[in-house]
J.: 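Have a look at this one.
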Amino acid sequence: MTAPMPEFPAGFRWGVSTSAYQIEGATGAHGRGPSIWDTFAHSPGRIADGSTGDVACDHHHRHGEDVALMAGLGVSAYRFSIAWPRVQPGGTGPANPAGLDFYDRLVDDLLAAGIDPVASLYHWDLPQPLEDAGGWLARDTAARFAEYADLTAARLGDRVRLWITLNEPFIQMSLGYGMGVHAPGRMLLFDAFPVAHHQLLGHGLAVAALRARTTSPVAIANNYSPVRVLGDTDADRAAGAAYEALHNRLCTDPLLGRGYPDGTVNDPALVRAGDLDVIAAPIDVLGVNYYNPTGVRAAEEGSPLPFELVPLDRYPRTAFDWPVAPDGLRELLGWLRDTYGDALPPIEITESGCAYDDVPDADGRVPDPERIAYLDGHLRAVRAALDDGVDVRGYFVWSLLDNWEWAEGFTKRFGLVHVDYATQARTPKSSYTWLRDVIAAARPGSAR
Ligand code: BGC
């Protein structure tokens, strides 16, 4: 038994999050084109279990059941992503109406269930033809992204309640183009900086495109990881600052009008006159995706990186071996407030969650006490941050369903709902029931 959850402000947004390629499947339906993740997943040796997102959770066909699961949970919002290759199969040109039809129906079903649609425009599934033309290393991709934002908002702008331009541009840059462990699998290390700049430029251009089509608020979702410096030498502290500049500030400083942190993006041929103004277009909400803090110390001589990442021992760990550190969320929210002050817009936690090896028991139930403890701790951390004076407006659990976890394939389960990938049977875990009761206490009459 945990202590009763403290109260949250009236109107606090309770949500769940997913992304297109991780759940939809139906990758060939209605003229959808290939994305970099189709190509990557189908390349031998890239995904831990050799799986792909071809079917994933088959959400494209089962979204009715999934919306019913959300309604049963009582959430007030659902953050999903729109697959760019469904809207523009080749990454350019007119919209593919059949691709947008799916999202049109989804949005209407959500509204009918009393759930706010929160749409991310880009959760890493770049149309492959754009990658073939240089991907996010090419400046033109920023303009293509704004065009896609315009086409999508022309169809859905009257009903989506919150728009999120990009999901985690730092992770797309570092894992996709820097280290090669995510699509498109390029290993450019610091030569990947143009990927950050062109995504942020695309974000700024997309904000303008969205404003022309909708009055709904606009946000971006960044991944943040508070930095714990291990070691007390100047070199350790410098390593911590270098990591913080990359992970936490590279994609936030320029958004909030400060330009790029020293030692990061600084090539005048890349950052052209006026770009920083486009990027700093006001946003209404900052989406914060938080999973864990990062331990950092000085790198060994000869390392290609200016820091070394070190495991943080004093925390329990998830099946991903990530430390469970709710205190890191409170710390992060305070850091954002202290660092950006009045420039910081209201925050929504757009992702927070954990992977465990959840297995149905003999009665077909799926007990996941670790996830309950995780969510309990992180919600209390948000409550503490509210008490600290940080303006947090919502919390979205990653994720509604177990799903296709990128390079880990189906081996990591993040869902409140268990998915049997052989049958596509959905079974709410004990965390689903727990969260339903927490939400019901905060939003009387919410669950349907
Ligand atoms: C991503 C999700 C992913 C989650 C867990 C986040 O960085 O936005 O797509 O599933 O982390 O790894």
Side-chain angles (χ1 to χ4, degrees), residues 15-25 35-37 40-41 46-49 51-53 56-57 59 78-84 118-126 164-179 181-183 195-196 199 203 219-226 246-248 250-252 286-294 317-325 328-329 332 348-358 370-371 374-375 378 395-417 419:
V16 284
S17 248
T18 65
S19 90
Y21 190 68
Q22 294 181 272
I23 64 165
E24 285 179 357
S35 83
I36 54 175
W37 271 100
F40 191 75
R46 294 299 204 173
I47 309 301
D49 57 2
S51 63
T52 70
C57 304
H59 169 78
Y78 172 45
R79 173 179 176 238
F80 58 98
S81 83
I82 293 168
W84 187 347
V118 175
S120 305
L121 285 166
Y122 185 70
H123 203 120
W124 305 346
D125 44 0
L126 188 71
I164 295 176
T165 55
L166 303 173
N167 181 67
E168 301 186 349
F170 169 72
I171 303 294
Q172 169 78 103
M173 178 195 83
S174 57
L175 298 191
Y177 289 81
M179 315 292 286
V181 294
H182 276 187
V195 171
Q199 285 181 96
H203 155 84
I220 188 170
N222 273 326
N223 184 290
Y224 293 98
S225 183
L246 279 180
H247 196 136
N248 296 330
L250 179 70
C251 295
T252 309
L286 178 66
V288 168
N289 294 358
Y290 170 75
Y291 287 89
N292 51 260
T294 302
R317 313 189 81 77
T318 70
F320 229 132
D321 212 23
W322 294 350
V324 178
L329 179 54
L332 166 67
E348 302 214 20
I349 309 299
T350 34
E351 285 181 31
S352 171
C354 50
Y356 288 105
D357 298 326
D358 309 310
E370 300 100 332
R371 182 168 292 100
Y374 185 102
L375 295 174
H378 286 73
Y395 181 91
F396 291 71
V397 176
W398 185 273
S399 183
L400 172 68
L401 304 169
D402 290 341
N403 60 47
W404 193 80
E405 175 52 35
W406 307 117
E408 303 298 321
F410 292 116
T411 67
K412 298 288 181 285
R413 294 181 175 274
F414 275 90
L416 295 164
V417 175
V419 177

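Atoms within each ligand, like the ligands themselves, are counted from 1 in listed order.
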J.: Within less than 4.0 angstrom of ligand 1, does Lys412 place any heavy atom?
T.: no
J.: Do Gln22 and Trp398 have side chains that get closer than 4.5 Å, going by heavy atoms?
T.: yes
J.: Closer than 4.0 Å to some heavy atom of Trp124 - which atoms of ligand 1 meet that?
T.: 1 (C), 7 (O)
J.: Classify the side-chain pair Thr318/Tyr291 by whether it contains a donor and acceptor separated by less than 3.5 Å.
T.: no
J.: Below 4.0 angstrom from a heavy atom of Asn167, which ligand 1 atoms are there? Numbered from 1 as shown, please.
T.: 8 (O)
J.: Taking 4.0 angstrom as the limit and counting only heavy atoms of Trp322, give me the atoms of ligand 1 inside it, by number and element.
T.: 5 (C), 12 (O)
J.: Going by salt bridge (Lys or Arg N to Asp or Glu O under 4.0 Å), Asp402 matches just one of Arg413, Lys412, Arg371. Which one?
T.: Arg413
J.: Just need the protein heavy atom nearest to atom 1 (C) of ligand 1, so name the residue and atom and give the distance.
T.: Glu351 OE1, 3.3 Å
J.: Would you say Trp84 and Ser35 are linked by a side-chain donor-acceptor pair, where the criterion is simply a distance under 3.5 Å?
T.: no
J.: Which atoms from ligand 1 have a heavy atom of His123 less than 4.0 Å away?
T.: 1 (C), 2 (C), 8 (O), 9 (O)
J.: In the protein, which heavy atom is nearest to atom 10 (O) of ligand 1, and how far is it?
T.: Glu405 OE1, 2.6 Å
J.: Looking only at the side chains, is there a donor atom on one of Thr18 and Tyr78 sitting less than 3.5 Å from an acceptor on the other?
T.: yes
J.: What class does the angle between the rings of Trp404 and Trp406 fall in, given that below 30° is parallel, 30 to 60° is tilted and above 60° is perpendicular?
T.: perpendicular
J.: Write out the residue and atom name of the closest protein heavy atom to atom 7 (O) of ligand 1, then the distance separating them to 0.1 Å.
T.: Glu168 OE1, 2.5 Å
J.: Side chain to side chain donor-acceptor pair (under 3.5 Å) between Tyr122 and Gln172: does it pass, once the steps are laid out?
T.: CA-CA 10 Å; Tyr122 185 70; Gln172 169 78 103; 2.5 Å; yes
J.: Please identify which atoms of ligand 1 are closer than 4.0 Å to at least one heavy atom of Gln22.
T.: 2 (C), 9 (O), 10 (O)
J.: Could you tell me whether Ser19 and ligand 1 have an N or O pair separated by under 3.5 Å?
T.: no
J.: May I ask you to identify the nearest protein heavy atom to atom 4 (C) of ligand 1, giving residue, atom name and distance to one decimal place in Å?
T.: Tyr291 OH, 3.4 Å
J.: Taking the side chain as every heavy atom from C-beta outward, state whether Phe170 and Asn223 have any pair of such atoms under 4.5 Å apart.
T.: no
